[in-house]
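All remarks here apply to the structure that follows.
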Amino acid sequence: GAVVSQHPSWVICKSGTSVKIECRSLDFQATTMFWYRQFPKQSLMLMATSNEGSKATYEQGVEKDKFLINHASLTLSTLTVTSAHPEDSSFYICSARRLLNSPLHFGNGTRLTVT
Amino acid sequence: AQKVTQAQTEISVVEKEDVTLDCVYETRDTTYYLFWYKQPPSGELVFLIRRNSFDEQNEISGRYSWNFQKSTSSFNFTITASQVVDSAVYFCALSGGETSGSRLTFGEGTQLTVNP
């Protein structure tokens with residue numbers, strides 16, 4: 001089955017630093033990747049939609065300058081949390097799909113803790 | 001706008017009991033997809049099922065079964081003879097077509113605890 005790899009699984013960083021999270025589709029080309037954020041005991045909230053070769057589309061309320069998304073190839077999208085603050089601590093999950101309305105395949109998530 | 005409601009925040013059952021997780025959705029799209037995902041304590045999302053809006057047949061997969069009722073906009077999930085390993089958060093989700101741009105909207109999730 002389709003596999004999406006997300007790295008790192010967890011990261012602890014100091015306030016003010018930047019953190020990059022990678023999302024790779026291992027056995028298919030993903031035309032679209034999505035980035036979600038999940039706070040403890042809450043649902044997944046879509047942050048942005050990332051299309052290969054074009055700018056990401058951010059959901060309302062998500063700061064594009066703070067959460068930089070790059071989708072440079074059909075198998076890799078990255079999310080960079082810039083100048084991280086403790087309130088950015090969360091579980092970030094990426095997902096990818098081959099085609100419009102193909103099933104979404106999720107990465108294993110990245111638990112970010114900002115101290 | 002799309003919306004998914006999982007009214008049951010937490011459910012606790014004893015092993016071998018049957019349990020049904022409710023999901024009600026709202027959408028203006030005529031073509032849409034419904035999903036169930038399982039999220040164990042480790043955090044990853046495990047895909048369980050996808051059903052398109054034109055297929056109202058109920059589905060059974062082992063101990064899992066799904067009841068899709070378009071008339072009531074519901075897509076309920078039943079686990080038969082529950083096991084401790086079924087303990088997880090279960091999310092119902094909706095992906096639409098015309099108006100939603102295929103974005104996946106999740107419900108709030110139901111925490112299922114199966115006690116031995």
Side-chain angles (χ1 to χ4, degrees), chain A residues 1-11 21 23 25-26 28 30-51 54 56-60 62 89-113, chain B residues 1-11 21 23 25 27 29-55 59 87-113:
Chain A
V3 178
V4 175
S5 171
Q6 192 171 335
H7 179 81
S9 300
W10 58 270
V11 57
I21 302 169
C23 180
S25 55
L26 297 185
F28 67 99
T31 54
T32 306
M33 289 185 172
F34 301 87
W35 287 96
Y36 289 84
R37 180 174 183 177
Q38 185 181 29
F39 289 108
K41 295 188 184 298
Q42 292 190 23
S43 187
L44 286 81
M45 299 302 297
L46 180 64
M47 297 175 67
T49 302
S50 168
N51 292 300
S54 63
T57 303
Y58 289 81
E59 294 299 301
Q60 194 171 9
V62 178
S89 298
S90 188
F91 192 57
Y92 294 88
I93 310 177
C94 73
S95 66
R97 68 173 186 216
R98 256 192 206 89
L99 301 169
L100 186 68
N101 277 331
S102 295
L104 280 180
H105 300 280
F106 284 85
N108 285 350
T110 297
R111 197 164 300 281
L112 170 63
T113 303
Chain B
Q2 293 186 314
K3 186 178 179 182
V4 177
T5 303
Q6 294 179 254
Q8 305 146 308
T9 306
E10 297 182 18
I11 299 176
L21 309 180
C23 173
Y25 63 92
T27 181
D29 294 324
T30 53
T31 302
Y32 52 89
Y33 292 86
L34 293 161
F35 303 79
W36 275 95
Y37 287 90
K38 174 182 180 180
Q39 187 177 42
S42 50
E44 76 273 19
L45 278 172
V46 179
F47 168 78
L48 297 178
I49 189 171
R50 180 178 81 152
R51 175 53 50 86
N52 79 52
S53 53
F54 296 108
D55 182 4
E59 182 158 339
S87 296
V89 180
Y90 289 85
F91 289 99
C92 180
L94 169 68
S95 171
E98 306 97 45
T99 63
S100 61
S102 300
R103 296 163 68 246
L104 196 64
T105 301
F106 285 86
E108 293 300 313
T110 297
Q111 169 71 61
L112 173 65
T113 302

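Values below: every heavy atom of this structure, side chains too, minus hydrogens, waters and symmetry copies. Keep in mind the model is a prediction, meaning the values are calculated, not measured. Every chain is numbered from 1, with letters handed out A, B, ... down the list of sequences.
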Bottom line for Gln39(B): the part with an atom under 4.5 Å from chain A's heavy atoms is side chain

So, Glu44(B) and Gln6(A): side-chain donor and acceptor under 3.5 Å apart, yes or no? no

Region of Phe106(B) in contact with chain A, defined by heavy-atom distances below 4.5 Å: both

Output the distance between atom OG (Ser42(B)) and atom CZ (Arg111(A)), rounded to the nearest 0.5 Å. 9.5 Å

Distance check, rounded to the nearest 0.5 Å: Thr105(B) atom OG1 versus Leu44(A) atom CG? 11.5 Å

Heavy-atom distance under 4.5 Å between the side chains of Leu104(A) and Phe35(B), does that happen here? no

Using 0.5 Å steps for rounding, measure from the NZ atom of Lys41(A) to the CD atom of Glu108(B). 13.5 Å

Which word best sums up how the rings of Tyr37(B) and Phe106(A) line up, parallel for under 30°, tilted for 30 to 60°, or perpendicular for over 60°? perpendicular

What part of Glu59(A) is in contact with chain B, defined as an atom under 4.5 angstrom from a non-hydrogen atom: side chain, backbone, both or neither? side chain

If you take all heavy atoms of Phe91(B) and Gln38(A), which pair is closest and at what distance? CZ-NE2, 3.5 Å

Using atom types as modelled and distance alone, determine if a side-chain donor or acceptor of Ser43(A) lies under 3.5 Å from a backbone N or O of Gly109(B). no

Side chain / backbone / both / neither for Leu46(A) at chain B, heavy atoms under 4.5 Å: side chain

As an exercise, state the distance from CG of Leu45(B) to CG of Asn108(A), rounded to the nearest 0.5 Å. 9.5 Å

